[in-house]
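Following: one structure in structure tokens, then a few remarks.
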Amino acid sequence: MSVLALVLCGVVALLHIYFLVLEMFLWDKPIGLKTFRLTPEKAQATKVLAANQGLYNGFLAAGLLWGILLAEAGAHIRIFFLLCVVVAGVYGAATVGKKILYVQAAPAALALLLTMLVV
């Protein structure tokens, strides 16, 4: 089991907890408006959708943390959830903005690669 793979998986989980907080609780606050380049009106109109999106990010984080807690026995769980994060990141990059590829998909892809090298 690679400690580096587990640490990077933890970083990806923490990123998704941060995304959850941004999307569920800070969407219409100054940091949310700035992060997502929203007007207050657009943020208010999309607040419920963003909260739903944040909840899904929380599920991804929970799955990754579950896999980390299981250590070696959780490798396949981590692989599944890291694949989900990579797919979501690639889709987001294609439909929303390329920055998502670097912020979300790239760290997950690296964690996935490291995890698969030690399985």
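- Of all the heavy atoms in Ser2 and Val118, the pair that sits closest is CB-CG1, 3.6 Å.
- Leu6 and Ile79 are members of different hydrophobic clusters when ILVMFWY side chains are connected at heavy-atom separations under 4.5 Å.
- Taking CG from Leu4 and SG from Cys9, the interatomic distance works out to 11.5 Å, rounded to the nearest 0.5 Å.
- Distance CG/Asp28 to NZ/Lys47: 3.5 Å, rounded to 0.5 Å.
- Counting heavy-atom neighbours within 6.0 Å of Leu55 CG, excluding the residue itself, gives a total above 12.
- Ala43 and Leu38 make their closest contact through CB-CD1, 4.0 Å (heavy atoms, listed as atom of the first residue, atom of the second, distance).
- Atoms OG1 and CG, from Thr35 and Leu26 in turn, are 8.5 Å apart once rounded to the nearest 0.5 Å.
- Residues Leu83 and Val119 share a hydrophobic cluster, clusters being chains of Ile/Leu/Val/Met/Phe/Trp/Tyr side chains in contact below 4.5 Å.
- Heavy atoms only, all atoms of each residue included: Ala108 and Val85 are closest at CB-CG1, 3.3 Å.
- Heavy atoms only, all atoms of each residue included: Ala61 and Ile17 are closest at CB-CG1, 3.6 Å.
- Leu113 and Val86 fall into different hydrophobic clusters, where Ile, Leu, Val, Met, Phe, Trp and Tyr are joined by side-chain heavy atoms under 4.5 Å apart, directly or via other members.
- Residues Tyr102 and Val11 are members of separate hydrophobic clusters, defined by side-chain heavy-atom contacts under 4.5 angstrom among Ile, Leu, Val, Met, Phe, Trp and Tyr.
- The minimum heavy-atom distance linking Ile77 with Gly63 is given by the pair CG2-O, 3.6 Å.
- Side-chain contact between Ile68 and Arg78 is present, with at least one heavy-atom pair separated by less than 4.5 Å.
- When the side chains of ILVMFWY residues are joined at heavy-atom separations under 4.5 Å, either directly or via intervening members, Leu101 and Leu15 end up in two distinct hydrophobic clusters.
- To the nearest 0.5 angstrom, Leu110 atom CG is 4.5 Å from Leu114 atom CG.
- The closest side-chain heavy-atom distance from Thr39 to Leu33 is not below 4.5 Å.
- The only member of Leu64, Leu112, Leu60 that meets side chain to side chain contact (heavy atoms under 4.5 Å, CB included) when paired with Val12 is Leu64.
- For residues 6-43, every residue pair satisfying the ring-ring contact (aromatic ring centres under 6.0 Å, His included) rule, not counting sequence neighbours, is listed here: His16-Phe19, Trp27-Phe36.
- Checked by atom type and distance alone, the side chain of Thr46 never pairs as donor or acceptor with a backbone atom of Leu49 at under 3.5 Å.
- Within the model, atoms CG of Leu22 and NZ of Lys29 stand 12.0 Å from one another, a figure rounded to the nearest 0.5 Å.
- The CH2 atom of Trp66 sits 6.5 Å away from the CZ atom of Phe81 when rounded to the nearest 0.5 Å.
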